[in-house]
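Structure record follows, encoded as structure tokens.
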Amino acid sequence: MINIKEDEKLSVLNHSCAHLLAQAVKHLYPQAKFWVGPVIEEGFYYDIDLGDAVITEEDLPKIEKEMKKISKDGKRIIREEISKEEALEKFKDNPYKIDLISRMDEKDTIISCYTQGDFTDLCRGPHVETVKLLKHFKLLKVSGAYWKGDAKNKVLQRIYGICFENEEDLENHLKLLEEAKLRDHRKIGKEQELFMSHELVGAGMPLWLPNGAIIRKQLENYIYEKEAKLGYLHVYTPCVGTVDLYKTSGHWDHYKENMFPMMKVDEEEFVLRPMNCPHHMLIYKNKMHSYRDLPIRIGEFATDFRYEASGAVKGLERVRCMCQNDAHLFVTPEQIGEEFKKVVNLILDVYKDFGIKEYKFRLSLRDPEDKEKYFDDDKMWNEAEAKLREVLNELNVDYFEAIGEAAFYGPKLDVEVKPAVGPEVTLSTCQLDFLLPRRFDLSYIDSNGEKRVPVVLHRAIFGTFDRFTAFIIEETKGAFPLWLNPVQINVIPVNLEYHEEYAKEVYEKLQNEGFRVKLDNRNEKLGYRMRESQTKKIPLTLILGDNEKDSKTVSYRRYGEKETTTVSMDEFINLVKESINKKEYNI
Ligand code: TSB
Ligand code: ZN
């Protein structure tokens, strides 16, 4: 899908369209006061204070109509540069613009405004020459947004839209948006009963339903096996820790705004943990270690709690209670490169198994100016960042660098993917850490008998089971591969009177093999039951009639295909077993 922000021409068009939207809103709601209307990847939005009025999606056509009218009028868009004093006078009725203007430094900012007909807005520009060029737009949705993104401030109304140069581009884009909505994991999650939420449990706290739980269990088994083969040692630890634990780790100082508040039990002060690193550090520290023991790889499917803004929580993708596919790798400084390489290779291996092709490697670095977020040790940061870069170059993988995105304890490699709806998110991560081992006073004895501090790599291949499941739902559009699907085989007798008994026999045999099977012996027409097998996206449907019954065979049809294949029961069982064992993406 197109990124409006990355296209200069479309950016200008969309920004101009945001002004057109504001003008139309001002005509319809004269009390409207405007904050900002930036261009975003998905088009543009404008944040507006409408006093007591509320705009809903039903109002959008009315606003669009007014925008069309203004566009047809065809006024020129005129730029004017003004002094700060003039700006303060011009916008004196709008406290939001006054806030913006008062923070402007006249010496290095040219204050400009743009006028089209009866509407003037403070803006840096540039804009198109005339509103006539703003014809092919669509208002997409409306939501609430805190002024300046701060929950203490008033909620403004945010109207989203998008604009193109011609109708065809707009239509194509709207079609893509419709398709994306159909893939949205929240929609499929509901239809296929994968997960739910309930206000009594809380926002961002999804409940995994039996179907979703099957998928999650398969993911757990899959990654557990991979990790065990690579020498990971899995543990279980509690999902709380004392405040002192997180003071020791530094989370209390650097990560507090992402944590649930403290709770007191007897004399102990607890927090729900946002990360598992401190627990794993203590497990490492439980024993003396020699350089010969390293790397030590402590893995856990660990539940964490994080404060995410209520507007940001989204299905399984962004939750407040999550389960990380976490591990902390304790290595000697000499082993960093080799171990990091193994993690990157594991990520690539897993993505291949899941058919994930569209992703971006992001090397997240610190912002050296930000002394508050990042601990202050230039040498440590420079070395760590150089090491990661070196390995990535050696592996010849494509990556881009992002300043200011590092964790407080070190630089990291993040893998970014694009969900069906909304901005990119991080799936896998691998983070280098020279800090926490020191804070926990960890050590090992090197080959000269000297005490040294290990380095830690934090890594999560799936990220969290929550986010990965959300992603897989969207990747597969809910048609999960055989090994993952909550129902693998649907057994349908053609005629209940003649074939139900044989169908039951087949069903039981398949169940005994450990497959997840359904018997559809409802008194419904064959065509109806076959169609439902398709809408439920079951990978294999067995159709059992006279032929199959007489020859003790089965006829199967793959999801999305029309032809059926007849094989013996044993052949069918082998086919299914092989696909499951190989974790085939397509059977
Ligand atoms: C990898 N301490 C490390 C760990 O050892 C850590 O916690 N890293 S993290 O903060 O980046 O989180 C790991 C992964 O969790 C992220 O890569 C992301 O995929 C996933 N994640 C983070 N926040 C959320 C959330 N709110 N909902 C769902 N998944 C999330
Ligand atoms: Zn960690």
Side-chain angles (χ1 to χ4, degrees), residues 185 195 197 202-206 208 216 219 223 227 232 235 237 239 241 245-246 249-251 254-255 257-260 272-284 297-330 340 343 346-347 350-351 356 359-362 364 402 405-417 419 422-437 439-440 442 455-472:
H185 78 280
F195 64 94
S197 57
M205 306 278 182
W208 291 68
R216 173 154 164 186
L219 293 177
I223 200 73
E227 289 176 352
Y232 285 61
V235 298
T237 59
C239 60
L245 178 68
Y246 287 95
S249 67
H251 286 87
H254 295 278
Y255 203 71
E257 71 280 12
N258 300 86
M259 290 163 68
F260 275 58
L272 289 170
R273 67 176 173 192
M275 290 195 191
N276 321 302
C277 345
H279 294 74
H280 292 182
M281 302 280 150
L282 296 178
I283 287 179
Y284 177 89
R297 309 175 182 93
I298 310 273
E300 184 174 1
F301 301 157
T303 300
D304 296 317
F305 294 83
R306 289 187 188 172
Y307 171 74
E308 295 277 3
S310 61
V313 293
K314 178 179 170 199
L316 288 180
E317 185 184 301
R318 188 171 296 280
V319 291
R320 285 177 171 171
C321 170
M322 66 198 80
C323 182
Q324 282 197 35
N325 154 226
D326 202 4
H328 293 95
L329 319 176
F330 298 83
F340 180 59
V343 173
L346 179 57
I347 293 174
V350 168
Y351 282 27
I356 305 173
Y359 55 85
K360 281 192 253 170
F361 276 141
R362 179 181 70 177
S364 303
E405 293 292 333
F408 73 85
Y409 43 71
K412 54 180 181 160
L413 175 72
D414 290 320
V415 188
E416 302 272 280
V417 293
E424 288 183 329
V425 291
T426 301
L427 223 50
S428 314
T429 184
C430 184
Q431 313 168 353
L432 201 49
D433 180 358
F434 293 85
L435 180 70
L436 259 57
R439 298 190 77 128
F440 279 92
L442 304 186
V455 178
V456 166
L457 275 84
H458 306 240
R459 48 104 287 177
I461 305 298
F462 283 155
T464 50
F465 289 97
D466 315 81
R467 184 169 288 178
F468 195 79
T469 306
F471 184 71
I472 287 303

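Just so you know, ligand 1 is whichever comes first in the structure, and atom 1 is the first atom listed for that ligand. Small disclaimer: the values here were computed from a predicted structure and weren't measured. In this chain, residues are counted from 1 in sequence order. Values reported hereafter were calculated over all heavy atoms of this structure, with side chains retained and with hydrogens, waters and symmetry mates removed.
- Short contacts between ligand 1 and C277, defined as distances under 4.0 Å to a heavy atom of the residue, involve ligand atoms 2 (N).
- As for H458, its N/O/S atom nearest the Zn ion (ligand 2) is the one called ND1.
- A donor-acceptor contact closer than 3.5 angstrom is absent between the side chains of N325 and E300.
- Looking at L427 against ligand 1, only its backbone comes within 4.0 Å, counting heavy atoms.
- Among protein heavy atoms, atom 4 (C) of ligand 1 sits closest to D326 OD1, 3.1 Å.
- Judged purely by distance below 3.5 Å, without hydrogens or angles, the side chains of R273 and T237 pair a donor atom with an acceptor atom.
- Between E308 and R318 there is a salt bridge, with a side-chain nitrogen of the basic residue lying less than 4.0 Å from a carboxylate oxygen of the acidic one.
- Looking from atom 29 (N) of ligand 1 to the surrounding protein, the closest heavy atom is T464 OG1, 2.8 Å.
- The closest approach between any non-hydrogen atom of F471 and ligand 1 is not below 4.0 Å.
- Put simply, no part of D466 is less than 4.0 Å from ligand 1, judged by heavy atoms.
- Checked by distance only, ligand 1 and H328 come closer than 3.5 Å through their nitrogen or oxygen atoms.
- Ligand 1 has no N or O atom lying under 3.5 Å from any N or O atom of M275, backbone or side chain.
- Aromatic ring centres of F260 and Y307: separated by at least 6.0 Å.
- Taking the Zn ion (ligand 2) as the apex, the angle formed with SG of C277 and NE2 of H328 is 100°, to the nearest 10 degrees.
- With a 4.0 Å cut-off on non-hydrogen atoms, R318 touches ligand 1 through its backbone as well as its side chain.
- Checked against the 6.0 Å centroid threshold, F408 and H251 count as a close aromatic pair.
- Heavy atoms of H280 come nearer than 4.0 angstrom to ligand 1 in no pair at all.
- In this structure a side-chain-to-backbone donor-acceptor pair under 3.5 Å is missing from R320 to R306.
- Counting only heavy atoms of the protein, atom 14 (C) of ligand 1 lies nearest to G463 CA, 3.9 Å.
- Ring pair Y409/H458: centre-to-centre distance below 6.0 Å.
- Within the set Q431, R320, R306, Q324, the minimum heavy-atom distance to atom 10 (O) of ligand 1 is found for R306.
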